[in-house]
Engineer: 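Structure in structure tokens, see below.
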Amino acid sequence: MSSSLRFPAPCPLPARRHRRGGVSASATPASVSPPPPASSVAPSRLEPRVEERSGFWVLKEEFRGGINPQEKIKIEKEPMKFAMEESELAGLAKMSMQEIDASKATKDDVDVRLKWLGLFHRRKHQYGRFMMRLKLPNGVTTSQQTRYLASVIKGYGKEGCADVTTRQNWQIRGVQLPDVPEILQGLADVGLTSLQSGMDNVRNPVGNPLAGIDPHEIVDTRPYTNLLSQLITANGQGNPAFTNLPRKWNVAVVGSHDLFEHPHINDLAYMPAMKNGRFGFNLLVGGFFSPKRCEEAVPLDAWVPGDDVTASCKAVLEAYRDLGTRGNRQKTRMMWLIDELGIEGFRSEVEKRMPQQVLQRSSPEDLVQKNWERRDYLGVHPQKQAGLCFVGLHVPVGRVQAEDMFELARLADVYGSGELRLTVEQNIVIPNIKEAQIEALLNERF
């Protein structure tokens, strides 16, 4: 069988030791100094630009001047109705593409609003077919889920394939609209969802791909990324409080010294740190990539205990939702709002939205080691659990076919625990393999 997967050359199991070198990460300055004064911003600028109406968050009329076309589409019809009202999707799925294109409303449904359900119409390159993006907190998936996704894309022949994304996520290609209701039910049956995975929503929460198995991990990020995903999607039911953002928004929880999570390109990143003997996180904000501007996340000068991860995420999201501008799409990511308000001004708005309206200053006790040589997770490596290993597979550009996915599921079942981990570098890790089975796995032909 021809495969796009690659086993790196076998290497001896490395000794369990720390290696130092090139990675540096910090959410706090080298020396603690008094916080700067908040920037001078007119009180009128701090008026929320959205309000709740009939369960959805809507841009107020007085702030609709100069808005971009996507904002106008959101105002014309609430996109989340496709996720929360079955009749909306069912009716659209029964229409032909010719019927859909005959009306601006339904054409906007297909090209824009369905992105709230994770469906992206490939109008220019695969007319009538869609890419479907999932939600997969921390990149953890199962052999059962992988087989289901493989079965979906196999049904589309040469038009079907899948990608491991830069957000530790699966997305499948070749999907046709009439099949979507059945596919969504199939996703639910295996514990997956595509809800709120595109457009002006929070993207997949990322964490350490070696969470729970890394001998040198700082903290297991899986509980935190799962909690964040549950907050953002209301446990998979849809959460309109966070579906009308000015632009897409990314969040990461760091659990490794290696920064496998890429925190500096996230709108919000949780950097592990101790404070007064208590575990928590310093916060970085504003990181993003775009064609016009790329910025690393900057310290918010804030620390939250581990128990306040969801509360702080909610506060940052609400500040961005309420105050972010909605004009030129190239200037609506959260860093542009931080620039306008100043870091102290933005921090003040986040603090106002915390449960007790209190946000502690950052801690100097960063747990990420600043002089740490980034390890390679590809190949064979020992886990923290005695006698077990994980194996990292290279997936060129993240692209896999149906047969690759079936084979990955088989390998995970035969040699591991039926689990796969996706990485932000678009690779795959098979965890929980017994040392005695490594040779047999490496001798597999696929």
Side-chain angles (χ1 to χ4, degrees), residues 41-42 44-85 88-89 92 100-101 103-121 123-124 130-131 133 194-203 232-233 238-251 267-268 285-286 288-293 295 314 316-341 346 349 353:
V41 176
S44 60
R45 177 60 185 90
L46 302 179
E47 178 187 346
R49 300 184 171 204
V50 296
E51 62 184 2
E52 189 175 8
R53 298 180 188 174
S54 303
F56 299 102
W57 288 82
V58 179
L59 187 63
K60 297 176 182 177
E61 283 78 2
E62 60 264 37
F63 295 109
R64 294 182 182 181
I67 61 175
N68 59 62
Q70 289 84 354
E71 290 294 332
K72 294 176 182 178
I73 289 173
K74 288 191 285 184
I75 290 169
E76 289 166 0
K77 179 180 177 182
E78 172 55 52
M80 277 298 287
K81 289 186 176 180
F82 282 108
M84 303 180 74
E85 298 177 13
E88 288 284 341
L89 177 63
L92 193 66
I100 287 170
D101 283 351
S103 162
K104 179 185 183 300
T106 50
K107 187 172 180 289
D108 286 343
D109 286 343
V110 161
D111 289 346
V112 181
R113 296 187 188 97
L114 282 182
K115 292 177 182 179
W116 272 254
L117 203 52
L119 288 160
F120 295 70
H121 185 211
R123 178 172 289 277
K124 291 182 179 179
F130 294 77
M131 179 271 282
R133 181 183 295 147
S194 62
L195 185 63
Q196 294 175 229
S197 59
M199 274 299 283
D200 301 337
N201 283 283
V202 180
R203 303 303 170 86
I232 292 157
T233 66
N239 189 351
F242 305 125
T243 59
N244 188 7
L245 302 177
R247 201 69 163 77
K248 67 179 180 180
W249 193 88
N250 294 322
V251 60
D267 293 278
L268 174 61
V285 292
F288 77 105
F289 279 151
S290 80
K292 299 294 185 182
R293 183 184 180 190
E295 293 288 347
K314 179 175 181 289
V316 174
L317 276 170
E318 288 178 349
Y320 177 46
R321 178 199 67 196
D322 294 350
L323 302 175
T325 59
R326 296 170 185 256
N328 183 346
R329 295 279 286 183
Q330 295 296 334
K331 296 183 178 182
T332 55
R333 292 294 298 269
M334 195 173 77
M335 182 60 93
W336 293 93
L337 176 63
I338 294 170
D339 287 345
E340 183 182 359
L341 302 185
F346 181 75
E349 291 303 311
R353 291 164 172 83

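Heads up: numbering here begins at 1 and tracks the sequence. Note that this is a predicted model, so its numbers are computed, not measured.
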Engineer: So which atom in Asp267 and which in Asn250 form the shortest heavy-atom distance, rounded to 0.1 Å?
Structural biologist: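 In terms of heavy atoms, the two residues are closest at OD2-N, 2.7 Å.
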
Engineer: Would you call Asp108 and Lys77 a salt bridge, taking side-chain N to carboxylate O under 4.0 Å as the test?
Structural biologist: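 A salt bridge is absent here (no side-chain N lies under 4.0 Å from a carboxylate O).
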
Engineer: Under 4.5 Å between any side-chain heavy atoms of Leu114 and His121, yes or no?
Structural biologist: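 The answer is no; the side chains never approach within 4.5 Å.
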
Engineer: Between Ser194 (side chain only) and Leu117 (backbone N and O only), is there a donor and an acceptor less than 3.5 Å apart?
Structural biologist: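 Judged by distance alone, yes, a pair lies under 3.5 Å.
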
Engineer: What closest approach, in Å, do Trp116 and Pro79 show between heavy atoms, and which atom pair accounts for it?
Structural biologist: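 Here Trp116 and Pro79 meet closest at CD2-CB, 3.4 Å.
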
Engineer: Return the minimal non-hydrogen interatomic distance between Thr233 and Gln196, and the atom names on each side.
Structural biologist: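 So the two residues come closest at CA-OE1, 3.6 Å.
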
Engineer: At their closest point, which heavy atom of Gly324 faces which heavy atom of Pro246, and how far apart are they?
Structural biologist: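 Answer, listing the atom of Gly324 first, then Pro246: CA-CG, 3.8 Å.
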
Engineer: So do the side chains of Met334 and Phe288 get within less than 4.5 Å of each other, counting heavy atoms only?
Structural biologist: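 No, every pair of side-chain atoms sits at 4.5 Å or beyond.
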
Engineer: Is it the case that over 12 heavy atoms from other parts of the model lie below 6.0 angstrom from the NZ atom of Lys72?
Structural biologist: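 Atom NZ in Lys72 is not crowded, with 12 or fewer foreign heavy atoms closer than 6.0 Å.
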
Engineer: Is there a donor-acceptor pair closer than 3.5 Å between any side-chain N or O of Trp249 and the backbone N or O of Leu317?
Structural biologist: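 No, the answer is negative, given that no donor and acceptor are paired below the 3.5 Å cut-off.
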
Engineer: How many angstroms lie between atom CD of Glu318 and atom CG of Leu245, to the nearest 0.5 angstrom?
Structural biologist: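 Answer for the CD-CG pair, Glu318 versus Leu245, is 10.5 Å.
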
Engineer: Salt-bridged, Glu88 to Arg113, with N to O below 4.0 Å?
Structural biologist: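 Between Arg113 and Glu88 there is no salt bridge, as every charged N stays at least 4.0 Å from the carboxylate O atoms.
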
Engineer: How long is the straight-line distance from CD of Gln70 back to CZ of Arg326, given to the nearest 0.5 Å?
Structural biologist: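 Answer for the CZ-CD pair, Arg326 versus Gln70, is 12.0 Å.
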
Engineer: Say you draw a straight line from CG of Leu337 to CZ of Arg321; how long is it, rounded to the nearest 0.5 Å?
Structural biologist: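 If I round to the nearest 0.5 Å, the distance is 13.0 Å.
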
Engineer: I'd like to check the side-chain contact (heavy atoms from CB on, under 4.5 Å) partners of Phe56; sequence neighbours left out, ordered by chain and number.
Structural biologist: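 Partners of Phe56 under the side-chain contact (heavy atoms from CB on, under 4.5 Å) test: Glu78, Met80, Lys81, Met84, Pro240.
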
Engineer: Rounded to the nearest 0.5 Å, what's the gap from CG on Asp111 to CD1 on Ile100? Could you check?
Structural biologist: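 Answer for the CG-CD1 pair, Asp111 versus Ile100, is 9.5 Å.
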
Engineer: Does a salt bridge link Glu61 with Arg53, judged by any charged N lying under 4.0 Å from a carboxylate O?
Structural biologist: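 Counted as a salt bridge, because a side-chain N and a carboxylate O are separated by less than 4.0 Å.
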
Engineer: According to side-chain hydrogen bond (donor to acceptor under 3.5 Å, both in side chains), who are the partners of Arg247, at least two apart in sequence or on a separate chain?
Structural biologist: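 Scan of Arg247 (side-chain hydrogen bond (donor to acceptor under 3.5 Å, both in side chains), adjacent residues dropped) gives none.
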
Engineer: Could you walk me through whether Val50 and Asp322 pass the side chain to side chain contact (heavy atoms under 4.5 Å, CB included) test, one step at a time?
Structural biologist: CA-CA 6 Å; Val50 296; Asp322 294 350; 3.6 Å; yes

Engineer: Quick one: do Lys331 and Glu340 make a salt bridge, cutoff under 4.0 Å?
Structural biologist: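 Salt bridge flag = no for Glu340 with Lys331.
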
Engineer: Are any side-chain N or O atoms of Asp200 and backbone N or O atoms of Asn244, one a donor and one an acceptor, separated by less than 3.5 Å?
Structural biologist: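 No, because the side chain of Asp200 does not come within donor-acceptor range (under 3.5 Å) of the backbone of Asn244.
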
Engineer: Any donor-acceptor pair under 3.5 Å linking the side chain of Lys60 with the backbone of Pro48?
Structural biologist: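 Yes, because the side chain of Lys60 sits within donor-acceptor range (under 3.5 Å) of the backbone of Pro48.
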
Engineer: Would you confirm whether Arg64, through its side chain, and Leu59, through its main-chain N or O, come within 3.5 Å as a donor-acceptor pair?
Structural biologist: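 Side chain of Arg64 to backbone of Leu59: a pair is present.
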
Engineer: Do Met199 and Thr243 have side-chain heavy atoms sitting under 4.5 Å apart?
Structural biologist: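 No, side chains not in contact.
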
Engineer: Working to the nearest 0.5 Å, report the span between CG of Asp109 and CG of Leu119.
Structural biologist: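 The distance works out to 12.0 Å.
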
Engineer: Does a side-chain heavy-atom distance below 4.5 Å link Leu268 with Val285?
Structural biologist: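 The answer is yes; the side chains approach within 4.5 Å.
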
Engineer: Identify the heavy atoms of Ala319 and Phe346 that sit nearest to each other, and give their distance.
Structural biologist: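 For Ala319 versus Phe346, the nearest heavy atoms are CB-CE1, 4.2 Å.
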
Engineer: How long is the gap from CG on Asn201 to CD1 on Ile232, to the nearest 0.5 Å?
Structural biologist: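 Answer for the CG-CD1 pair, Asn201 versus Ile232, is 9.5 Å.
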
Engineer: So does Lys248 get a backbone contact from the side chain of Arg203, meaning a donor-acceptor N/O pair under 3.5 Å?
Structural biologist: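 No.
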
Engineer: Is the side chain of Asn68 donor-acceptor paired with the backbone N or O of Gly327 at a distance under 3.5 Å, no angle test?
Structural biologist: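 Yes; at least one donor-acceptor contact below 3.5 Å.
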
Engineer: So, do Leu92 and Phe82 sit near enough that their side-chain heavy atoms are less than 4.5 Å apart?
Structural biologist: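 Yes. Closest side-chain heavy atoms under 4.5 Å.
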
Engineer: Could you tell me if the side chain of Val112 sits less than 4.5 Å from the side chain of Lys74, heavy atoms only?
Structural biologist: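 Counting from C-beta outward, Lys74 and Val112 never come under 4.5 Å.
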
Engineer: Pick one: which of Met335, Gln330, Arg333 meets side chain to side chain contact (heavy atoms under 4.5 Å, CB included) with Arg293?
Structural biologist: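 Going through Met335, Gln330, Arg333 one by one, the side chain to side chain contact (heavy atoms under 4.5 Å, CB included) with Arg293 is satisfied by Met335 alone.
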
Engineer: Under 4.5 Å between any side-chain heavy atoms of Phe130 and Val110, yes or no?
Structural biologist: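 Answer yes - side chains close enough.
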
